[in-house]
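So you know, we letter chains A, B, ... as the sequences are listed, proteins then strands, and number each from 1. Only heavy atoms go into these numbers, but all of them, side chains included; no hydrogens, no water, no symmetry mates.
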Amino acid sequence: MANLIDILKERGFIDQTTHEKVLDQYLEAGQVTCYIGFDPTASSLHVGSLVPIMSLAHMQKHGHRPIALIGGGTGLVGDPSGKTEMRKLLTPEMVDENAMGIKKQLSRFIDFSDDNALMLNNADWLTKLKYIPFLRDFGRHFSVNRMIKAESYKMRLESEEGLNFIEFNYMLLQAYDFLELYDHYGCRLQMGGSDQWGNIVAGVELIRRVRQETVFGITFPLITTSSGAKMGKTAEGAVWLDPARTLPYNYYQYWVNTDDRDVARFMALFTFLPMEEIKELEKLNGADLNSAKVVLAFETTQIAHGKEEAINAYNDAKSQFGARVVPKDILPSSSIHRDGGVLPALEIEAAGSVDSTPHSHIEIDRFKEGIPAFKLYHMVGLSNSGSAARRLIEQGGAYVNGQRIESFDYLLTDSDIVDLEILLRAGKKRYHKIKIIKNKS
RNA sequence: GGUGGGGUUCCCGAGUGGUCAAAGGGAACAGACUGUAAAUCUGUCGGCGAAGCCUUCGGAGGUUCAAAUCCUCCCCCCACCA
């Protein structure tokens, strides 16, 4: 079997590594502890963090022990790497709250039971550091001449806003993290985004200087979509891993809408399907790629939110956009079902009649007098304002139960209710279901 | 602390008394074409049941029939000097 580095390389995870040969041997020799830091800047991770998350999952699958390090301490300082502007500084309370959310999400990808993986917070040691001892013991190992040449500071040093001293210290703190994890957990491998290269190398060098030991670093390439956008960024904002922030339905839709050119690359990075099958995708072209996109969406949703949610999202997509049969020979390892018809009984029971389409509840009484369409679109959030809704409808982009609305003040009444539901659509892709509540309670 | 340059609608960026809800570009949205793709073309792109009116150009005052534009004070950013 190919070694782990080769596998990660083949799947597109590797940008740079330190001393590759030795690292290879090290990973072959037995269980390795590795770590990645996560910034607690928000209460949820998003799709942009998926590469590091998946890489930890791969490490664990291969018998190694991942550490997810929450940057509770470094978050108080703010990483300037690759940023054109200074970060907002976080309060300790915010960091704690965010760390909780992050752990919950990581748990879907990584098994933290029985020390199979660890979740640590660098606030536990960083906040205890004393300034003068720190400078004397570690600060002297850092050359400012070298630091100001680091790529991670470059953008900021060249920008108008500049770099302030607190941020300049970030590299030292991250290097110290690595040392701490090396000392206490035997961690000898740090991974991170390509913007972290400077910080990682700083840690590698610090450990060499103060412990005379070799430790390793791997960086991931920055993943962008073929159209140049950052991974996981849409006009509406980030695509979050927290189902309360981004509905599994929308998560699924994000992946279904993958650009043709990205399908195979994303399949390798964001699913666990075997590479031999992913390579076959190159033979697909045109509309056939859509089947692959369905599999991509199904698999990624399943990993992030579980099978039930993936099935719900799949079913809703099918009813809204039409059934698409995924041929048996495309990605055969995927557990997605292939007949294009009804789901197996077991799965139907599990999924039940759960609706993953964005929806809201409205009392039936409100339809007695009728609700003007543009108001309803605004109410449910399909439009940001009444004006926007009006434009949408005037441009012919609004549908009620599949029927295009001709005028913005079309009155929706009881007669538009079908099975206690009204299905609204905005444009080609955005759906919203209104569920009717019979009586006010 | 001194001197100079700035802060414009989601972003970049024009505008230096009325013709300004504010050029141009990007993003976004809708339509056409399609495959829930890309590219392209067309339209839209502050709010208001839409007539007209209201709110917006760092903040607060002021001048004027009229202010993003002029004046005063304040806040913030940048450059050079100290």
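Applying the 3.5 Å distance criterion, the base of G35(B) shares no donor-acceptor pair with the side chain of D288(A). Under 3.5 Å, the side chain of Q395(A) and the base of G31(B) form no donor-acceptor pair of N or O atoms. Judged by distance alone, with hydrogens and angles left aside, S226(A) brings no side-chain donor or acceptor close enough to the base of A38(B) to form a pair under 3.5 Å.
At a threshold of 4.0 angstrom between heavy atoms, the contacts of A426(A) are confined to the sugar-phosphate backbone, with no base atom among them. Note on S385(A): only backbone sugar-phosphate atoms sit closer than 4.0 angstrom, heavy atoms only; bases stay farther off. When heavy atoms are screened at a 4.0 angstrom cut-off, D259(A) is found touching the sugar-phosphate backbone but no base atom. Among the heavy atoms of the strands lying under 4.0 Å from G286(A) is at least one base atom, whether or not backbone atoms are also near. Within the nucleic acid shown, Q253(A) comes within 4.0 Å of at least one base atom, counting heavy atoms only.
For K428(A), whose side chain is taken as the heavy atoms from C-beta onward, the closest listed nucleotide among U36(B), A38(B), G31(B) is G31(B). For R391(A), taking side-chain heavy atoms from C-beta onward, the closest of the listed nucleotides G35(B), C45(B), C48(B) is C45(B).
Contacts between residues 400-418 of chain A and RNA chain B, defined by a heavy-atom separation under 4.0 Å, are made by R404(A), D409(A).
There is a side-chain donor-acceptor pair under 3.5 Å between R245(A) and S43(A). For the residue pair D262(A) / T225(A), no side-chain donor-acceptor distance below 3.5 Å is found, with atom types taken as modelled.
For A30(B), one of the phosphate oxygens OP1 or OP2 lies less than 4.0 angstrom from a side-chain nitrogen or oxygen of R430(A). At G46(B), none of the side-chain N or O atoms of R390(A) fall inside 4.0 Å of OP1 or OP2 (strictly under the cut-off).
Around the CE atom of M275(A), the shell of radius 6.0 Å holds more than 12 heavy atoms that belong to other residues, nucleotides or ligands. Around CD of E97(A), the count of heavy atoms belonging to other residues, nucleotides or ligands within 6.0 Å does not exceed 12.
Within the 3.5 Å criterion, the main-chain N or O of V263(A) finds no donor-acceptor partner in the side chain of T258(A).
At whole-Å resolution of the value, CG in L284(A) and P in G35(B) are 16 Å apart. The separation between E394(A) atom CD and C29(B) atom C1' is 14 Å, rounded to whole Å.
Under the salt bridge (Lys or Arg N to Asp or Glu O under 4.0 Å) criterion, D96(A) pairs with no residue at all, not counting sequence neighbours.
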N/O donor to acceptor pairs below 3.5 angstrom from side-chain atoms of residues 410-427 of chain A, sequence neighbours left out:
residue	atom	partner	partner atom	Å
Y410(A)	OH	D416(A)	OD1	2.9
Y410(A)	OH	D416(A)	OD2	3.3
T413(A)	OG1	S415(A)	N	3.4
T413(A)	OG1	S415(A)	OG	2.9
D416(A)	OD2	T413(A)	N	3.0
R425(A)	NE	G427(A)	O	2.9

